[in-house]
Amino acid sequence: MSGRSTFYVTTPIYYVNDVPHIGHAYTTLACDVLARFMRLDGRDVHFLTGTDEHGQKIEKAAATAGLPPQAFTDKVSQSFRDLVVKMNYSPDNFIRTTEKRHYAACQALWEKLVAAGDIYLGKYAGWYSVRDETYFVEGETEVGPDKKRRAISTGAEVEWVEEPSYFFKLSTWSERLLAFYEKNPRFIGPDSRRNEVMSFVKGGLQDLSVSRTSFSWGVPVPGDPKHIMYVWLDALTNYITECGYPDVSSPNWKYWPADLHMVGKDIIRFHCVFWPAFLMAAGLEPPQRVFAHGWWTNEGQKISKSLGNVIDPVELVDAYGLDPVRYFLLREVPFGNDGDLQKRALVGRLNGDLANAYGNLCQRVLSIVAKNCEGKVPPKGTLIDADIALLDRAKGLLAAVRAELNEQAFHRALISIWEVIADANRYVDAQAPWALAKIDPVRRDTVLWVLAETIRRVTLLVQPFMPDSAAKILDQLAVPADAQAFAAFDRELESGTTLPKPQGVFPRFVEPATAAS
RNA sequence: GGGCCCGUAGUUCAGUGGUUAGAACGAGCCGCUCAUAACGGUUAUGUCGCAGGUUCGAAUCCUGCCGGGCCUACCA
């Protein structure tokens with residue numbers, strides 16, 4: 001990505017007032033695939049996810065549950081750690097904003113901002129609803145016929161309230177941010193988001209309220225502990241807490257600046273405007289790239305709690321299997337776009353791409369080998385043009401996938417891999433090794449070797465997406481552990497290696513019998 | 001209101017000035033039989049949202065209209 005050997009990728013830290021849903025699973029999955037790819041590609045990877053545990057909402061939710069805030073967040077945060085296991089994510093750490101080191105990092109950053117003259121004490125003013133215990137901006141309120149102003153969303157009466165608050169001088173950062181975006185065209189992806197952010201900044205920025213006195217569950221402002229640092233300053237700081245901030249001699253500091261913050265499109269402003277401004281104000285480098293992905297709909301419908309159509313990733317995995325779900329989420333939709341989760345489409349991918357194309361390719365090749373070659377990697381004879389053509393396609397995959405993932409184009413990476421799988425299936429039919437068995441066993445062996453070697457290369461690249469399934473296939477090819485990284489991409493299968501009995505890896509999905517019918 | 005984006009085969013999309021507009025899935029037909037009834041070959045379908053304009057030439061550029069989506073600050 002940057003040419004340096006480290007690769008630091010982060011998910012947002014997830015707010016613990018809710019259980020994980022498909023959106024959380026999706027963001028972390030994308031990061032996981034990148035982290036796994038980069039590790040296999042020899043990079044020094046640090047992959048961070050975690051939970052955001054502060055704020056008034058949590059304080060209230062804990063009180064409602066009759067628990068101290070820490071005990072409450074311990075409990076809810078666990079569901080996100082469980083998801084890591086369920087989805088086979090490979091984070092190097094799981095950070096929590098309630099950790100001591102995070103308080104230290106937030107307060108150190110705060111002091112830097114104060115020293116830089118970018119923070120001042122002012123008054124936060126807005127339309128406050130006592131009933132909702134929250135502020136509304138002017139546009140979220142309206143004056144009714146009784147001349148009383150109410151929040152549109154909740155109907156609660158609001159009153160003008162002012163409280164002391166510290167402010168970050170965001171208004172002074174517009175030009176520096178725009179200059180930064182210009183110099184770093186890759187900073188925001190996809191491009192449509194970049195346009196959005198830039199036009200937002202061009203419209204002028206207001207100073208940002210960064211402390212509150214209305215609750216206490218959070219990081220106290222240094223020297224003025226009645227003030228609690230406001231959500232985003234606290235939350236965003238996690239990315240440098242992990243790198244040891246403020247101790248720049250920490251072994252983890254080498255990972256900063258992050259190579260990629262993966263985010264949902266709803267929080268792009270915080271990552272692309274506020275965060276680089278905070279960092280530059282503190283004399284720190286902004287991250288190299290922020291990528292905003294889209295949202296999933298459920299069978300064409302917007303997902304919402306009130307509609308009751310929230311997608312639980314655990315249910316999906318239980319119904320269709322982990323790797324098929326991982327594959328589908330990244331293959332079905334151009335990454336960055338919104339996508340629709342249709343079970344019919346998922347089953348289509350599972351059966352068409354995984355069971356028929358890839359799984360069956362492995363199975364048909366490996367069973368001919370098992371039956372005809374004494375269960376060993378067959379001898380590689382003289383290669384003809386058709387052999388070389390297929391092998392070359394497979395060889396080209398590493399560079400192709402690397403380039404696509406560099407742009408977070410997961411779907412295109414998978415498309416290019418599956419093109420080679422389709423080529424391999426065509427090659428099997430064209431070469432008909434079953435017919436060669438009787439007339440030219442030497443040629444048959446070469447054909448089988450070419451196929452096994454192609455499957456090896458393809459499967460090395462499938463690893464980041466479907467680690468368990470790829471491991472099973474590599475085992476069936478007897479690829480040793482030390483030959484599974486991309487450094488060994490060109491280490492060809494050795495003829496004569498004993499292979500285990502082939503076994504199907506991607507069973508077809510058959511609709512469970514319905515009660516009626 | 002202002003800004004950005006999109007509207008291409010039944011479906012999901014690719015194609016951003018140049019020969020008869022492509023892919024995948026789905027559908028029909030043929031072949032194969034190693035394999036998870038898998039695989040391969042082949043056929044078919046489109047007034048490229050509508051109407052103008054620029055150009056030797058437009059799905060591709062410009063204008064208008066219709067339809068859809070997103071952004072327009074602190075509720076992650």
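Keep in mind the model is a prediction, meaning the values are calculated, not measured. So you know, we letter chains A, B, ... as the sequences are listed, proteins then strands, and number each from 1.
Between A/Arg193 and B/rC70, a side-chain N or O to OP1/OP2 separation shorter than 4.0 Å is absent. Between A/Arg364 and B/rU36, a side-chain N or O to OP1/OP2 separation shorter than 4.0 Å is absent. Taking only side-chain nitrogens and oxygens, A/Lys371 comes nearer than 4.0 Å to OP1 or OP2 of B/rA35.
Using a cutoff of 4.0 Å between basic side-chain nitrogens and carboxylate oxygens, A/Lys472 and A/Asp323 are not scored as salt-bridged. Using a cut-off of 4.0 Å between Lys/Arg side-chain N and Asp/Glu carboxylate O, A/Arg349 and A/Glu332 are scored as salt-bridged.
Within 4.0 Å of A/Ala437, counting heavy atoms only, lies no atom of the nucleic acid at all. A/Phe270 comes within 4.0 angstrom of sugar-phosphate atoms only, judged by non-hydrogen atoms across all strands, and of no base. Contacts of A/Val505 with the nucleic acid, taken as non-hydrogen atoms under 4.0 Å apart, include base atoms. Residue A/Leu170 is classed as a base contact, given a heavy-atom separation below 4.0 Å to a base. In this structure, A/Lys302 reaches the sugar-phosphate backbone alone: every heavy-atom distance under 4.0 Å involves primed, P, OP1 or OP2 atoms, never a base.
In the region residues 337-357 of chain A, proximity to RNA chain B at under 4.0 angstrom, judged on heavy atoms, holds for A/Ala355, A/Asn356.
For the pair A/Trp418 CH2 and B/rC25 P, the interatomic distance rounds to 14 Å; values are reported in whole Å.
Pair check for B/rA23 finds B/rU12; Watson-Crick or G-U wobble, both atom distances under 3.5 Å. Both distances falling under 3.5 Å, in either a Watson-Crick or a G-U wobble arrangement, place B/rG18 opposite B/rC56.
With hydrogens and angles left out, the side-chain atoms of A/Ser171 and A/Gln206 include no donor and acceptor closer than 3.5 Å.
Residue pairs meeting the ring-ring contact (aromatic ring centres under 6.0 Å, His included) criterion with at least one member in residues 198-221 of chain A, sequence neighbours excluded, are A/His54-A/Trp217.
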Nucleotide N/O to protein N/O under 3.5 Å, stretch nucleotides 40-42 of chain B:
residue	atom	partner	partner atom	Å
B/rG40	O4'	A/Asp429	OD2	2.9

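Of all nucleotides listed (B/rA73, B/rA38, B/rC75), B/rC75 comes nearest to the side chain of A/Trp232.
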